[in-house]
Amino acid sequence: MTDTHNLADDQLIGQPLGAQPVGAPAAPPKQEEKQENFFVFLFKLVVLVVVFRSFIFSPFNIPSESMLPRLLNGDYLLASKWSYGYSKYSLPFSLPLIPGRIFASQPDRGDVVIFKAPPGNDVDYIKRVIGLPGDTVQVRGGQVFLNGKAVPKQRVGNFILPLTPNTRCYAIEFETQTPDGSMACSYPQFRETLPEGKSYNVLDLGTQPQDDTQVFKVPAGHLFLMGDNRDNSLDSRFPAIEGEGIGIVPQANLVGKASVMMFSTDGGAEWIKPWTWFTAARWSRIGGTF
């Protein structure tokens, strides 16, 4: 009897399990699937980073010395974004996706806050909260008066700031030599204590025009902010003019509360010299809280 079994069945005999049958269409390449998975992963990562930076923590760097002695040029800190609520300034590029301010809360005197600086409201500044809504604030002879009462100001040891690529002395009279022979800046330092008991150190480099001001009345929904480096800070003592002062700042401009020091560098690192990434780090400052 002639064997009449089907040819298609013959083509399957002896092929490994799962092998592509002869004559069947080729399986689509998996490269497209891998690319699709990569872009999905990348999209999820971007969304996660945006959510984290907008609503939980966000990094900020300190590019000036207006908050000496607490903050140095080259510090990198994390700010908690939930502390004072959320607004469009919480979002990247200040996207107007949040109407007004939600979950709003008021800072305490002495808090170190990040905010969008008036009048442009497009640059992040960092200052200390001195006056709350309803307070009167005045500076007389370099001393802060809050609601008519002097904020205690006690002389403490000078603040010694080593000279590095991102630090300098304001004048030659502040230059000093440390015991190891290196050069540093030696600045007069004082301890201020607010009515609630919050204490912090400030610098007073001598008599300056901003040491005596008018009496400022803090309106509702606003804050009177000052830098700890009292003679090198364009703060609420100056009217809100771009590059010249910030005036009394609306609470709506708040971005976050300084929380923890993430990293600090003296500016001596070079990308082409990897070992300087470590020698330039100010390791003792990392992890400090506010």
Practice item. Answer with yes or no whether the hydrophobic clustering places L72 together with Y187; edges join I, L, V, M, F, W, Y residues whose side-chain heavy atoms lie under 4.5 Å apart. Key: yes
Review point. For the side chain of W283 and the backbone of F278, is there at least one donor-acceptor N/O pair under 3.5 Å apart?
Key: yes
Point to revise | Check: N232/S66 side-chain N/O donor and acceptor closer than 3.5 Å | key: no
**Study point:** Least distance between heavy atoms, V249 atom then P118 atom
**Key:** CG2-CD, 4.1 Å
Revision key, fill the gap. In short, F174 meets P188 closest at the heavy-atom pair CE2-CD, 3.9 Å
Check your understanding: Is the side chain of D266 donor-acceptor paired with the backbone N or O of G268 at a distance under 3.5 Å, no angle test?
Key -> yes
**Study point:** Over-ring placement of K153 relative to F190, 6.0 Å and 45° cut-offs
**Key:** yes
**Study point:** Backbone of R101 reached by a side-chain donor or acceptor of S87 within 3.5 Å
**Key:** no
**Study point:** Candidate pair V202 and N229, rule side chain to side chain contact (heavy atoms under 4.5 Å, CB included), full reasoning
**Key:** CA-CA 6 Å; V202 300; N229 191 352; over 6 Å; no
Point to revise | Heavy-atom donor-acceptor pair, N166 side chain to N73 backbone, under 3.5 Å | key: yes
**Study point:** Contact summary for I130 and L146, nearest pair of heavy atoms
**Key:** O-CD1, 3.8 Å
Check your understanding: Under 4.5 Å between side-chain heavy atoms, hopping through other hydrophobics if needed: is there a path connecting I126 to F263?
Key -> no
Review point. Under 4.5 Å between any side-chain heavy atoms of K127 and V112, yes or no?
Key: no
Study note, to complete from the structure: Note: S80 and S259 closest approach over all heavy atoms is N-CB, 4.1 Å
Check your understanding: Closest approach of T276 and K273, non-hydrogen atoms and distance?
Key -> OG1-O, 2.6 Å
**Study point:** Criterion salt bridge (charged side-chain N to carboxylate O under 4.0 Å, His left out) on R230 and E192, from CA distance to verdict
**Key:** CA-CA 12 Å; R230 294 295 164 74; E192 279 188 358; 2.7 Å; yes
Review point. Does CD belonging to E175 count more than 12 external heavy atoms closer than 6.0 Å?
Key: yes
Point to revise | Distance-minimising heavy-atom pair for M67 and G227 | key: SD-CA, 3.7 Å
**Study point:** Residues that K198 engages under salt bridge (charged side-chain N to carboxylate O under 4.0 Å, His left out), provided they are two or more places apart
**Key:** none
Check your understanding: Quick check, are the ring centers of Y89 and F115 under 6.0 angstrom apart?
Key -> no
**Study point:** Neighbour count above 12 (heavy atom, 6.0 Å) for F103 CZ
**Key:** no
Check your understanding: Do we get R70 above F290's six-membered ring, with its NZ or CZ under 6.0 Å from the centre and within 45° of the axis?
Key -> yes
Check your understanding: Going by an N to O cut-off under 4.0 Å, is there a salt bridge joining R128 and D235?
Key -> no
Study note, to complete from the structure: Sorted by chain and residue number, the side chain to side chain donor-acceptor pair (under 3.5 Å) partners of S199 (sequence neighbours excluded) come out as T193
Check your understanding: Under 3.5 Å, is there a donor-acceptor pair between the side chain of R109 and the main chain of L132?
Key -> no
Check your understanding: Using a distance-only test with no angle check, is there a side-chain donor-acceptor pair under 3.5 angstrom linking N201 and D228?
Key -> no
Practice item. Go through the steps for M226 and S233 under the test side chain to side chain contact (heavy atoms under 4.5 Å, CB included), then give the verdict. Key: CA-CA 7 Å; M226 297 181 71; S233 176; 5.8 Å; no
Review point. Okay, side chain of K217, backbone of G134: is any donor-acceptor separation there less than 3.5 Å?
Key: yes
Review point. If only atom types and distance count, is the side chain of E242 paired as donor or acceptor with the main-chain N or O of G120 below 3.5 Å?
Key: yes
**Study point:** Under 3.5 Å side-chain donor-acceptor pair for Q251 and Y84
**Key:** no
Practice item. Assert yes or no for the condition that the ring centre distance of F55 to Y86 is strictly below 6.0 Å. Key: yes
Practice item. Could you check T167 against E65 for side chain to side chain contact (heavy atoms under 4.5 Å, CB included), going step by step and ending with a plain yes or no? Key: CA-CA 8 Å; T167 59; E65 297 184 343; 3.7 Å; yes
Review point. Step by step, would you call K116 with K88 a side chain to side chain contact (heavy atoms under 4.5 Å, CB included)?
Key: CA-CA 11 Å; K116 295 295 183 181; K88 67 177 183 179; over 6 Å; no
Practice item. Using atom types as modelled and distance alone, determine if a side-chain donor or acceptor of D204 lies under 3.5 Å from a backbone N or O of G206. Key: yes
Check your understanding: Would a distance-only check, ignoring hydrogens and angles, find a side-chain to backbone donor-acceptor pair under 3.5 Å from S58 to L78?
Key -> no
